[in-house]
Amino acid sequence: SGGDVGPKTMQLLKAMRGQLGDASASRSVDAVAAAEGLGMDTTTHDFDRRLQDLVRAGYLEPDPHSAAPAARGLYRITFAGLDAADSY
């Protein structure tokens with residue numbers, strides 16, 4: 001799993017991981033803020049595709065605690081995603 005996730009997409013995952021403290025009880029992340037921090041354009045299909053790749057790989061899931069689950073860029077990083085980001 002995760003074999004089709006490219007290096008730039010993994011950098012994005014790692015940036016989202018960086019939003020969480022080591023002792024953070026929450027796994028909620030802001031993909032748009034993470035991408036902008038990396039200088040990525042978040043208005044492109046390319047960005048949306050990266051997020052879909054991470055969801056497909058099982059590294060991200062829509063944030064169930066978000067007031068608006070469809071809110072753009074709000075996800076929850078999975079434990080698999082944490083492991084992948086930490087070992088990348």
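All values below come from the heavy atoms of this structure, side chains included, with hydrogens, waters and symmetry mates left out. Computed from a predicted model, the values in this text were never measured in an experiment.
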Quiz: residues 6-14 side-chain donor-acceptor pairs under 3.5 angstrom, not counting sequence neighbours:
from, atom 1, to, atom 2, distance (Å)
Thr9, OG1, Arg50, NH1, 3.2
Lys14, NZ, Ala85, O, 2.7

Please set out all donor-acceptor pairs under 3.5 angstrom arising from side-chain atoms of residues 36-43, sequence neighbours excluded.
from, atom 1, to, atom 2, distance (Å)
Asp41, OD1, Thr43, N, 2.9
Asp41, OD1, Thr43, OG1, 2.6
Asp41, OD2, Thr43, OG1, 3.4

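Note that the CG atom of Leu51 and the CG atom of Asp46 stand 10.0 Å from one another [nearest 0.5 Å].
The minimum heavy-atom distance between Ser26 and Leu20, with the atom names listed, is O-CD2, 3.5 Å. Smallest separation of non-hydrogen atoms from Gln19 and Ala34: NE2-N, 3.5 Å.
In this structure, Leu60 and Thr78 have side chains that are not in contact, with every pair of non-hydrogen atoms separated by 4.5 Å or more. A heavy-atom distance below 4.5 Å is found between the side chains of Leu54 and Met16.
Scored by the side-chain hydrogen bond (donor to acceptor under 3.5 Å, both in side chains) test, Arg17 finds Asp86 as partners (sequence neighbours excluded). For Asp53, the salt bridge (charged side-chain N to carboxylate O under 4.0 Å, His left out) partners at least two apart in sequence or on another chain are Arg56.
Counting only residues at least two apart or in different chains, salt bridge (charged side-chain N to carboxylate O under 4.0 Å, His left out) contacts with residues 75-84 comprise Glu61-Arg76.
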